[in-house]
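Note sheet for the following structure.
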Amino acid sequence: MSDIVAPTATMAGPLDVAGTLALVQEALPDAKPVSAGPTDYLEVAPDQLIEALQVLRDQGGCDLLSSITCTDYLSYQGRARAKDGPRFEVVYHLYSTAQGGDCVVLHVPVDDGEPLPTATPVYPGANLQEREVWDLYGLVFEGHPNLRRILLWDGFEGHPMRKDWHEAYYEEDQKPFRSRHPRADFARSEDKVPWGKNTRYPADWDPDDWQEPVTYVPVSQDPRHRNGTGDHLSTESVVVNLGPHHPSTHGVFRMVVRIEGETVIALEPDMGYLHRNHEKIGERNTWLMNMPFTDRLDYINSMSNNWGYALAVEKLMGLEVPERAEYLRVIMAELSRIVNHLWSIGFILNDLGALQTPALYAIEEREMILDLFESVSGARMMCNYLRFGGVHRDLPAGWAERARYVAHERLPRALDQLDDLLSGNEIVNTRGRGVGYLSAEQLISLSVTGPMIRAAGVPYDIRRCEPYGVYDRFDFDIPTLPHSDVYDRYYIRLLEARESVRIVQQALAGLPEGDILAGKGGYVFRPPEGEAYGRVEGPKGELGFYLVSDGKPNPYRYHIRAPSYINLNALAPMTVGYKVADAIVILGAIDIVLGEVDR
Amino acid sequence: MFGTGLLKGLGVTFKHLVDTYKDDMQSTPARYQGSDDRGKGLKVIDQPVDQEGLLTIQYPEERRLLPERFRYIPMLIWDTETDEERCTACGICAKVCPPQCIWITRATDEAGKPVTRPQDFFIDATICMSCNYCVEFCPFDAIKMDHDAELASFERFPHLVYDKGELTVPLDYYAALWPTQYAEEQERRAQEAAEARAKEEAKAARATTKAVKKEEEEAPAPEAKLSRAEELKQKAMERARQRRAAQG
């Protein structure tokens, strides 16, 4: 029952990508335009990177640095690249939140050991992603404020995403492994390596001596903090570990906070407890094998994850999707958005101290939606429903009627009831209003996407600003709220769930007959050489898949731009200055899933 | 106003209570209608989509009716019609398996030549991600998804690494679990068999006419075949020579 709902603002028009790239070229004549499959990008030397980013931000209007990642071209087998070029390429994807449209891509080729400048002064949101590149590839970003490992721990030897790094139970570079058929000489990993001998430490590193330094939690990030030089009391700050685990158990996550009294004066997120190097697994897999693995990223929204990956591969292969499949995708993705937002609302309440009851009440309707998922795909959560060029199966008999009942009767009623119950609630209001404020500009510069920036008044939604699938055919609004606090982040999810209900209703009414899968099907795919970045508006923000193909049956590079992970950029700036109890709910309102954060 | 949130919350709980109470007052509560009573308090419940009040299912006494497409761990089909297993050990399932949890040994005959039957077929249930690819891409309808999800055991090995004996189920079991898909499949298989038979007959007919013709012409067929093989061999040798020359 919030009072203010800003109507959907219209976009200024899609970003002129070619024009923006020309701007950079004008400023930096050395930048080399390259075309790789469906993507055109600019190759920029490391020492010109900052200038290029400044031009893009200040003149090109690209205010959102969406993704930073890296590719190791050591064992690239395609023909399109020179063999003797630099080994690594750091890739930057930039968007405009005001104009929408496609992305501007920069590549920075660097050799092993060659440093490159950090992008954090231009885009503070580069923070976590540059740390990830350092952790997994071992590239040094000079000037980065806190370049430590992030997903792995200090006792980890090597940088695992490098193509020449092999894990303890390494078998082969690419699946299918030869040991499985026709003569199964397969041995279990446990039998290959004796217990305790499968851990390697860096050369000059001893696990017994090691103590995790806490100096990386700065004495203060809070401008108002005076550290004990107040008028009447001299106080001292202490470092407290919230987690691993507690921060209301969104998963195994740790916040290392420096507090003074109850006030958080500095905070460092610590993650990676669930890290499994999903991307390395993805490069071992064939293209199709990755589909069920994407289910396990944000395990609440397997349908949207599938879609992001399918979209990127379809871009690479130039596949058209039949209309019925597009509609089915929309229905499934929007249903899973409703599931996600119900969960998220329930968990925000959980974090406010209303333990379990509102959460369980909020997910009652989720059961009905999961039943629908199960009867169409065979699984409630790990759906693995989408394929390249369509979906796996058509609807079973009676499915559409049940879905219609859920979408027209149950969901609107449940959302109304939640609204009635929670939005006016005193505790939600007192604990939520004005807590965790960060301005829209700050959020965008920290690369935050999804409901978080829409709760700060930015109508940036990929379904509207770079429509994919058939989203341009439906009548729905992009709700925004102005206050950018925990309350608005709660309420925006309710509003978005309502819009999703509208989309599901329209999609079910307009569901056409026809094919559900284009292309030849089969299990071997060899997308032509090139790279593609496919993104969908996931329930938690922009979910992007950056893929590089060298024309082989396995992806050469498979990177996930995980919204949960990148939104954590904003955690420290949002929390500093508030109380410890607020830190929990501020984290809850970001809505993270650790399967996606840690990958 | 202070306290309204509390009252509203209690109101929701009370409404749930009343709905459930009303449901329980019927001779068969709505949530049990259409459910299958297996005796001894065991029920398999098919909850209607418009169920109000209590939605909880009291597992393990009560279970949910699983939809036909529910997938868990694969099973191998023993074709009771032909009385043999359908699997031909082609290895497609092992190739498409994302976690690579299937491994197969192909059987051999007395002479040591591989035959199209699996000697052994393993699935590591602890690694299986229930993705359905093995089923989706099996060209012989030989591997299907089982609904049995209660696999807990104290040891991983060997209890959860299933061998061929543990995986194999008769066709009827599959037909009972997946009635719709089974019916579609049977129809398709019958059609395919009919087509294959028609092709075979046509081929046989062609062969007989050819044989008659050949007899009339009295051509030395075996010799012609030999020369054809000789010709291929010559070509292969030639290619090999060229390759060697190119490599220098």
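Below, chain A is the first sequence line, B the second, and so on; all start at residue 1.
Between chain B and the residues A:E367, A:M291, A:R284, A:R296, the largest count of heavy-atom pairs under 4.5 Å involves A:R296. Each of A:V376, A:I281, A:L422, A:T286 has some count of heavy-atom pairs under 4.5 Å with chain B, and the biggest count is that of A:V376. Ranked by heavy-atom pairs under 4.5 Å with chain A, the list B:L6, B:V12, B:L66 is led by B:V12. Chain B forms the most heavy-atom pairs under 4.5 Å with one residue out of A:R402, A:E409, A:E364, and that residue is A:E364.
Only the side chain of B:E136 comes within less than 4.5 Å of a heavy atom of chain A; its backbone N, CA, C and O stay farther away. Heavy atoms closer than 4.5 Å to chain B are found nowhere in A:N290, neither backbone nor side chain. Residue A:E401 does not touch chain B at all, counting heavy-atom pairs closer than 4.5 Å. Using a 4.5 Å cut-off between heavy atoms, B:F137 touches chain A through its side chain atoms alone. The parts of B:V49 that come within reach of chain A are both its backbone and its side chain, each placing non-hydrogen atoms under 4.5 angstrom from that chain. Using a 4.5 Å cut-off between heavy atoms, B:I102 contacts chain A through its backbone alone, with no side-chain atom that close. With a threshold of 4.5 angstrom between heavy atoms, A:F177 approaches chain B through its backbone and through its side chain. For chain B, the nearby parts of A:P396 are the backbone and the side chain; heavy atoms of each come within less than 4.5 Å. Residue A:R178 does not touch chain B at all, counting heavy-atom pairs closer than 4.5 Å. Of the atoms belonging to B:D50, heavy atoms from both backbone and side chain fall under 4.5 Å from chain A.
Ring geometry for B:H147 versus B:F70: interplanar angle over 60°, hence perpendicular rather than tilted (30 to 60°).
When B:R69, B:R71, B:Q181, B:M75 are each tested for a side-chain contact (heavy atoms from CB on, under 4.5 Å) with B:M145, only one passes: B:R71.
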*What's the verdict on side-chain hydrogen bond (donor to acceptor under 3.5 Å, both in side chains) for B:T13 and A:Y361, showing C-alpha distance, side-chain angles and the deciding distance?*
CA-CA 10 Å; B:T13 315; A:Y361 181 60; over 6 Å; no
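We find that B:R189 and B:E184 are not joined by a salt bridge, their nearest charged nitrogen and carboxylate oxygen being 4.0 Å or further apart. With respect to the salt-bridge test (charged N to carboxylate O, under 4.0 angstrom), the residues B:R64 and A:E374 qualify. Salt-bridge annotation for B:R117 and B:E84: present, with a side-chain N of the basic residue lying under 4.0 Å from a carboxylate O of the acidic one. Contact check on B:E61 versus B:K43 returns no salt bridge, with no Lys/Arg side-chain nitrogen under 4.0 Å from an Asp/Glu carboxylate oxygen. The pair B:K199-B:E195 does not meet the salt-bridge criterion, since no charged nitrogen lies less than 4.0 angstrom from a carboxylate oxygen.
For B:W178, there are no side chain to side chain donor-acceptor pair (under 3.5 Å) partners, not counting sequence neighbours.
Between the side chains of A:N285 and A:Q174, not a single donor N or O lies within less than 3.5 Å of an accepting N or O.
Using a 4.5 Å cut-off between non-hydrogen atoms, no part of residues 160-171 of chain B approaches chain A.
The side-chain tip of B:R86 does not point at the ring of B:F140 from less than 6.0 angstrom away and within 45° of straight on.
Between atom OG of residue A:S302 and atom CZ of residue A:R380 there is a gap of 12.0 Å, rounded to the nearest 0.5 Å. To the nearest 0.5 Å, atom OH of residue B:Y72 and atom CD of residue B:E150 are 9.5 Å apart.
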